[in-house]
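Each chain gets a letter, A, B and so on, in the order the sequences are listed, and its residues count up from 1. The figures here come from the full heavy-atom set of this structure, side chains too, leaving out hydrogens, waters and symmetry mates.
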Amino acid sequence: MTTTTATAEADRRTVSGSTPGAARGPRRTGRIRRIGLPYLLLLPALVLELLVHLVPMVIGILMSFKALTRFSIREWGAAPWSGLDNYKVSVDINAPAGEALLHSFWVTCGFTVLSVGLCWLLGTAAAIFLQDTFRGRGLLRTLFLVPYALPVYTAVITWAFMFQHDNGLVNHVLHDQLGLTDKPSFWLIGDNSFIALLTVSVWKGWPFAFLVVMAGLQNIPKELYEAAALDGAGMWQQIRRITLPSLRPVNQVLVLVLFLWTFNDFNTPYVLFGKAAPEAADLISIHVYQTTFATWNFGTGSAMSVLLLLFLLVVTGLYLLLTSRRRKTADV
Amino acid sequence: MAPPRSPMAAPRSFLWARRIFLTLLTGFVLLPVYVMVSSSLKPLQDVSGTFRWLPSGLTIRPYIDIWSTVPLADYFVNSVIVAGAATVCSVVIAVFAAYAVSRYRFRGKRVFTVTVLSTQMFPGILFLLPLFLIYVNIGNATGIALFGSRGGLILTYLTFSLPFSIWMLIGYFDSVPRDLDEAALVDGCGPLGALFRVVVPAAIPGIVAVAVYAFMTAWGEVLFASVMTNDTTRTLAVGLQGYATQTEVYWNQVMAASLVVSVPVVAGFLLLQRYLVAGLTAGAVK
């Protein structure tokens with residue numbers, strides 16, 4: 001959206017700016033400089049994106065078609081081609097590798113849907129409740145941003161401490177103080193690890209939604225609320241009829257960004273569980289990391305990453321298509 | 001900041017819902033913070049046994065020990081250098097790129113913006129191994145040590161925040177009236193003069209927001225830090241794991257070190273957060 005308006009405005013600019021003030025100056029070089037300048041300005045960003053993102057991605061795709069072991073990895077270019085073998089291994093759900101990848105995929109999907117949903121819910125509710133001024137609003141706003149500001153590893157380490165079996169706060173409260181569980185539970189291994197991971201992810205992620213929704217609320221014209229109040233709409237009705245619909249464009253971007261970050265999240269499970277996550281919380285990034293670096297299946301790991309990227313591309317594409325279509329129909 | 005809603009008094013149901021929700025949420029948010037602070041002041045036997053809400057005796061011992069159990073100061077310096085350099089470079093590069101996109105029409109502009117934005121969706125794991133190989137190969141070919149050095153990490157990190165920074169700054173620069181820098185051009189400034197004298201000063205909130213984001217991204221990154229550093233270049237993200245020994249985890253020291261590591265970032269962030277909200281309003285949220 002931003003891009004199209006930028007282009008339109010840039011068009012206007014070049015039209016108005018195409019009458020050079022210095023008619024006597026060397027027009028040719030001036031024009032070359034003007035045409036070359038944007039590229040020159042983009043050059044550093046372009047070179048870095050190429051070096052650190054695009055070239056590695058191309059290499060990663062190439063590697064996914066090669067038979068790579070710990071011995072051939074140093075000379076990966078000379079390693080033999082293996083065609084689609086790595087992909088066959090990755091998607092063969094009757095074999096251990098494919099089965100584990102599919103399991104990890106479903107775990108990640110469930111985790112992402114729940115985490116994004118909860119983050120959005122908490123963030124939106126908090127932003128709306130903090131929309132009006134009341135005593136303590138500024139303090140709460142600052143407090144709510146603390147999880148976002150804390151470095152991932154310190155926050156997640158603290159949660160890992162709270163989820164410890166013997167000396168953690170969670171078991172102390174649930175078992176010793178409230179007596180809700182028969183015996184202290186394990187939170188960082190077994191089925192409960194999914195709950196632990198989700199808790200940490202939501203705790204860490206919701207302030208971003210809060211921040212974005214708060215910014216979005218500022219773009220809603222005051223007159224809308226005033227008109228609604230004149231028509232006799234109460235607070236809850238105003239939220240349902242004005243606030244939430246007005247946030248739709250903001251939400252479309254927010255949900256997409258949250259989805260991509262959560263689906264690709266590596267830091268949270270890695271700090272919470274270490275290099276190998278428990279099966280119930282085996283997020284796909286950790287799974288691919290484990291396949292690549294712990295079992296030395298570099299080719300298979302690359303193939304899995306490429307499949308992951310393809311999935312994200314398709315989902316993002318569909319999402320953008322759907323939301324932009326809905327936006328168009330809404331305009332009509 | 002937000003537009004106040006109708007002057008109508010809020011109904012009781014709304015006030016109660018607000019009270020309950022905000023209390024619960026505050027508890028949820030502050031719980032780990034409380035654990036971090038209180039545990040960092042506890043003697044070791046307190047954090048090794050059953051959890052206690054209150055310490056049996058306050059001690060600042062963990063804050064003294066953290067510096068000798070692991071070389072925390074070295075990790076700190078590494079993190080500051082890496083995150084600081086990545087932030088400065090990333091902001092400068094993003095300013096140039098966003099200026100070009102916002103103010104000029106050129107061939108390949110759409111391709112550029114779309115490509116840069118889509119790198120946001122790459123799973124980090126996809127280019128970890130290839131990047132590692134590229135750095136090793138560059139090192140072998142040119143003698144420039146990228147792998148294991150701070151330089152390699154800086155190079156990597158600055159691209160992490162770059163797409164988001166460029167995207168946000170384009171929006172921000174678009175909101176700076178074009179007449180301003182056109183007037184500067186007419187007055188005889190070059191394009192760069194117009195950028196630095198007019199556009200950049202007018203977009204300071206956006207630039208600060210982007211810098212905060214870049215710094216936090218670099219300060220908190222774990223995956224690449226754990227693969228691409230060695231004993232001398234290790235950052236805090238990896239270094240904090242050193243408090244866990246084979247037999248025991250010094251949880252009070254872990255918490256003390258976490259707090260020491262977090263305070264500068266959190267303080268900086270909270271001081272500058274209004275810029276972030278302003279930046280998001282003008283840039284990303286449109």
Tell me, for [X] versus chain B, whether the close heavy atoms (under 4.5 Å) come from the side chain, the backbone, both or neither.
X      : answer
A:W203 : both
A:F161 : both
A:Q177 : side chain
A:L41  : both
A:Y289 : both
A:N167 : both
A:D176 : side chain
A:F293 : side chain
A:L313 : both
A:S64  : neither
A:V170 : neither

Separation between [atom1] of [X] and [atom2] of [Y], rounded to the nearest 0.5 Å:
X      : Y      : atom1 : atom2 : value
B:S262 : B:M36  : OG    : CE    : 4.5 Å
A:I128 : A:F210 : CD1   : CZ    : 11.5 Å
B:F122 : A:L309 : CZ    : CG    : 6.0 Å
A:T316 : A:F263 : OG1   : CZ    : 10.0 Å

Could you check whether any side-chain heavy atom of [X] comes within less than 4.5 Å of a side-chain heavy atom of [Y], counting everything from C-beta outward?
X      : Y      : result
B:T156 : B:Y135 : yes
B:V261 : A:Y153 : yes
B:S90  : B:Y157 : no

ask   = Does B:R18 make a cation-pi contact with A:F134, if we ask for NZ or CZ under 6.0 Å from the ring centre and within 45° of the axis?
value =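 B:R18 over A:F134 ring: yes.
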Among [options], which residue forms the greatest number of heavy-atom pairs with chain A at distances under 4.5 Å?
options                        : result
B:T26, B:L240, B:T159, B:I93   : B:T159
B:W219, B:F127, B:F173, B:W251 : B:W251
B:P32, B:S39, B:G124, B:C89    : B:P32

Output the option from [options] having the highest count of non-hydrogen pairs under 4.5 Å with chain B.
options                       : value
A:V152, A:L40, A:I157         : A:I157
A:L150, A:L42, A:L169, A:L312 : A:L169
A:T142, A:T154, A:V288        : A:T154
A:D166, A:I286, A:N267, A:L62 : A:N267
A:M304, A:M63, A:H172         : A:H172

Measure centre to centre between the rings of B:F112 and B:F106, then say whether the value is under 6.0 Å.
->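 Between B:F112 and B:F106, the centre distance exceeds or equals 6.0 Å.
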Ring center gap for A:F129 and B:F14 short of 6.0 angstrom: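 Between B:F14 and A:F129, which both carry aromatic rings, the centre distance is below 6.0 Å.
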Under 3.5 Å: donor-acceptor pair, side chain of A:Q164, backbone of A:A160: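 Judged by distance alone, yes, a pair lies under 3.5 Å.
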May I have the list of side-chain donor-acceptor pairs in residues 48-59 of chain A shorter than 3.5 Å, sequence neighbours left out?
{"unit_1": "A:E49", "atom_1": "OE1", "unit_2": "A:H53", "atom_2": "ND1", "d": "2.8"}

